[in-house]
Number of protein chains: 2
Amino acid sequence: MMNDPRGKDASATHGAYLAIREKILTGDLPAGQKLKIERLREMLNTGASPVREALSLLTSDLLVERIDQRGFRAAPANKANFEEILTLRCVLEDMALRRSIERSTRTWEDRLVLAHHHMTRATDQGTAAFEEAHKTFHMTLLDNASLAMLERYCSQLYDLNIRYRYLAARGAGYRRRDVSGEHRAILDAALEGDADRASARLLDHYRLTGDYLVAELDDL
Amino acid sequence: MMNDPRGKDASATHGAYLAIREKILTGDLPAGQKLKIERLREMLNTGASPVREALSLLTSDLLVERIDQRGFRAAPANKANFEEILTLRCVLEDMALRRSIERSTRTWEDRLVLAHHHMTRATDQGTAAFEEAHKTFHMTLLDNASLAMLERYCSQLYDLNIRYRYLAARGAGYRRRDVSGEHRAILDAALEGDADRASARLLDHYRLTGDYLVAELDDL
DNA sequence: GAGTCAATTAATATCGATATTTTATATGAG
DNA sequence: CTCATATAAAATATCGATATTAATTGACTC
């Protein structure tokens, strides 16, 4: 009955949440598209209630819009939106990273080193694995700030950004630049407790990727 | 069948959303409390589906937490959370206000003056009316930035803050300070296009209220 | 008596069917 | 031919009942 590749069989709602989320992020469900319950229901082999609830939850993530009495649609994507995401990320991650470094501990340093190492290892293991390790690294940079809402916003913005990467190049070619060198530079600065340098490197990292993406997104 | 005081009879979900939201903001449903479907269902005279969906939507607003397979609870409230809200508001509203002023137009100025005027008028008409006019004024200050997500975050944070006002003083006594003078000062600076002064006044406004609230919240 | 495990209770999550509302289609008047 | 209006089709929203899962209670061992 449950032919989900992953072993975990949490609730049907959670399964639907993950599946729909993935489809939106990768562009399988294009931005702006109407999301009909019935269609999703049969795509995911589940009932209407879980689908509906999953969509409500995706609303929190700004990946789905809901209009009362007329259903759900995948959040629209456009250049202005992308630029807003970039701006907000720069401001919020700057704040979070500085505070993380300020409160640095050995434990955090350890987690950071590990997250970075796992990311370098994951380059071989397919994009999905790398994607996850990459996010973990970036979130670890921020999580020592111990500001739950700020973390949540950053995580949200990170995810929204993924979608634009897929839009620009269908996910391929992301590692074209010397991304691993940039990661290394951020890590080193953070470990040394140099907040200014770490933040500068992190923001460069985003702005470089951002410029690259903007170039591909002219048509939107 | 619909004995809702307000004439509007949108969806049952929307009605439940507004009702539960109100109860959480005012403390009628205390922070951290388990929210059982059955209980809410009978409180609101509606079915389980609308309640469930309303709770999912309130999750977006960070007013409700959802744990898979074990239901919903009102988001917890504590001093650290309050301080995080205050910090984030200061950073985000500063950004939004500056950009609003930067892009100032006659139309926006007009809307601002009107929103301010309506707020001063609403002081007589009960807290609910004032509450709404107050939020409209603050959001109008920001909305000329035309950054949809930023606005959303600010609106969210504004609402979360309301709850702490109720927690500190059960909603009363908010207008004790010279709040109207502070509003006036923000308005004037914004109209003159003086972003630095406007931002300084706005942040003072929040920090003053913040300090007042923190004093009352020691126990949390 | 403290802790573990089974049986019971309570709550959540899900299904399938129905009612409501919106959207699309077609019909007729000006 | 355009616009408005009524009709038909499709989709959303809601209900009531059931299946699953978590929390509680109580019996039993050590």
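Labels below follow one simple rule: chain letters A, B, ... track the order of the sequence lines, proteins then strands, and each chain is numbered from 1.
Distance A/E42 CD to D/dA11 C1': 13 Å, rounded to the nearest Å. Residue A/R73 contributes atom CZ, which lies 14 Å from atom P of D/dA11 at whole-angstrom precision. Atom CG of A/L40 is separated from atom P of D/dA11 by 12 Å (rounded to the nearest Å). Computed from coordinates, the A/I37 CD1 to D/dT14 P distance equals 12 Å when rounded to whole Å. Remark: C1' of D/dA11 and CG of A/L35 are 13 Å apart, rounded to the nearest angstrom. Atom CD in B/E38 sits about 15 Å away from atom C1' in C/dT9, given to the nearest Å. A/L44 has its CG atom 13 Å from the P atom of C/dT14, to the nearest Å.
Of the possible polar contacts, one joining the B/T26 side chain to the B/E22 backbone as a donor-acceptor pair under 3.5 Å is found.
B/L55 comes within 4.0 angstrom of nothing in the nucleic acid, heavy atoms only.
Side-chain polar atoms of A/R41 and A/T46 form no donor-acceptor pair below 3.5 angstrom. One side chain, A/Q156 or B/Y153, offers a donor N or O that lies under 3.5 Å from an acceptor on the other. With no hydrogens or angles considered, no side-chain donor-acceptor pair links B/N161 and B/Y206 at under 3.5 Å. A/S56 and B/S56 share no donor-acceptor pair across their side chains, judged by distance under 3.5 Å alone.
Residues from residues 46-53 of chain A that place a heavy atom under 4.0 Å from any atom of DNA chain C, listed by number: A/T46, A/G47, A/S49, A/P50.
The side chain of B/K36 has C/dT12 as its nearest neighbour among D/dA13, C/dT12, C/dT14. For A/Q69, counting side-chain heavy atoms from C-beta on, the closest listed nucleotide (D/dA22, D/dT12, C/dT21) is C/dT21.
Side-chain contact between A/H118 and A/T136 is absent, with no heavy-atom pair separated by less than 4.5 Å.
Taking the six-membered ring where the residue is Trp, A/H205 and A/H138 present parallel rings, their angle staying beneath 30° rather than reaching 60°.
Heavy-atom distances to DNA chain C give each of B/I67 and A/R41 a nearest nucleotide, and the one nearer the 5′ end belongs to B/I67. A residue-by-residue look at A/H14 and A/D68 shows that A/H14 has its nearest nucleotide of DNA chain C further toward the 5' end.
Residue A/K34 places none of its side-chain N or O atoms closer than 4.0 Å to OP1 or OP2 of D/dA11. OP1 or OP2 of D/dT14 lies within a sub-4.0 Å distance of a side-chain N or O belonging to B/T13.
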